[in-house]
Amino acid sequence: MRRLLSGLTAGTLLLAAAACGSPDDSGTSNASGSSGKVTTVEVGVIPILDVAPLYLGQKKGIYEQHGLKLAMTTAQGGAAIVPGVVSGQFQFGFSNMTSLMIAQSNDVPVRAVVNGVNSTGVQGKDFGAIVVKKDSPITSAKELEGKKVALNTLKNINETAVRESVRKVGGDPDKVHMVELAFDQMPAALDQGRIDAAMVVEPALATILGQGGREIASSLVDVAENLTVAMYFTSAQYEKQHPDVVEKFREATAQSLAYADEHPDEVRQIVTTYTKIPTDVLAKTTFPKWPAEPNRASIEALAELGEQDGLFKKKPDLDTLLP
């Protein structure tokens, strides 16, 4: 689970994309589809509960109904998925919105296709939060000034979220000492006192709360109401060459997202087929929301905060990035 919702620097993106080479002709022809046949598309995903709708949609036959079969390849984060999509290794991929905006602002030709996952929008009942250990004297995000706070990736969506939580209660985010740590290492680090707080998402959130930890801020909720956290995307080249396949993927995924949102028990079952999340932890996790459409206003808010915090080389062009 290293680098869940991970970020990408311009150098990492461009070098990795160049190393992958040009799109594989056999791969793109395989994904071009033909009348009456099922088209197989390669999708780069992260093995987390956020992408459960894809696995569930495949199991329920939703993608097959749209003439598609998904070949999922798991990666640790966007550092592999974004250049994989741009190079043609994958036809589609999953990434958080800040990583996509960083890529787009660095002229990496990515195009968001369909919604991925949203915050619940409910304070204290979201799938991401800033947490402290049970005996910590910290009770609010303002008290994180001068403290060590763990993030899975610096200069990305979770840093934006933490900074906004601190700002909203009158604190100075520049005084917070943020350090990078994998989500699955955060529960032990917090329990051992090596960090003062952690910005976590499920299932690390359920693990820490199960240890008696306390939530002090729902940071993704603080960024924007019903924040679109991540989306599925493709390359501008693939969208231009295969608009029919892109549209099929958009329609099938939107239907799968709606199905997952309405069938949480089936989501819990499908997650056990592609992750190593313990069943007892999975039973206590708070699921995100899976609306079929992205929340444009929330993405604009995230972009403004990212600009304020200096994450982008230039202002992201959301009209080019978003569907």
Query raised in the report: Please, which pairs that meet ring pair (Phe, Tyr, Trp, His ring centres under 6.0 Å) have at least one residue in residues 301-323, sequence neighbours excluded?
Result: none
Query raised in the report: With sequence neighbours excluded, what pairs up with Glu304 under the salt bridge (charged side-chain N to carboxylate O under 4.0 Å, His left out) test?
Result: none
**Report entry** Residue pairs, two or more places apart or on separate chains, that pass ring pair (Phe, Tyr, Trp, His ring centres under 6.0 Å) and touch residues 52-73
**Finding:** Tyr55-Tyr274
**Report entry** Results of side-chain hydrogen bond (donor to acceptor under 3.5 Å, both in side chains) for Glu145 - residues two or more places apart only
**Finding:** none
Report summary line: With sequence neighbours left out, the residues meeting side chain to side chain contact (heavy atoms under 4.5 Å, CB included) with Ala297 are Asn295
Query raised in the report: Got a sec, which residues hit side chain to side chain contact (heavy atoms under 4.5 Å, CB included) with Asp174, two or more places apart in sequence or on another chain?
Result: Arg163, Asp172
Query raised in the report: Mind checking what makes side-chain hydrogen bond (donor to acceptor under 3.5 Å, both in side chains) contact with Thr228, not counting sequence neighbours?
Result: Asn118
Enumerate, atom names and distances included, each donor-acceptor pair closer than 3.5 Å involving a side-chain atom of residues 124-131, sequence neighbours excluded.
{"residue": "Asp126", "atom": "OD1", "partner": "Ser119", "partner atom": "OG", "Å": "3.2"}
{"residue": "Asp126", "atom": "OD1", "partner": "Thr120", "partner atom": "N", "Å": "2.8"}
{"residue": "Asp126", "atom": "OD1", "partner": "Thr120", "partner atom": "OG1", "Å": "3.1"}
{"residue": "Asp126", "atom": "OD2", "partner": "Ser119", "partner atom": "OG", "Å": "3.1"}

Report task. If a pair satisfies salt bridge (charged side-chain N to carboxylate O under 4.0 Å, His left out) and one of its residues is in residues 230-240, list it, with sequence neighbours excluded. Result -> Arg111-Glu239
Query - Any residue meeting side-chain hydrogen bond (donor to acceptor under 3.5 Å, both in side chains) with Glu300, in chain and number order, not counting sequence neighbours - result: Arg296
Report summary line: Across all chains, not counting sequence neighbours, the ring pair (Phe, Tyr, Trp, His ring centres under 6.0 Å) partners of His263 are Tyr259
**Report entry** Sequence-distant partners of Thr285, side-chain hydrogen bond (donor to acceptor under 3.5 Å, both in side chains), two or more places apart
**Finding:** Arg268
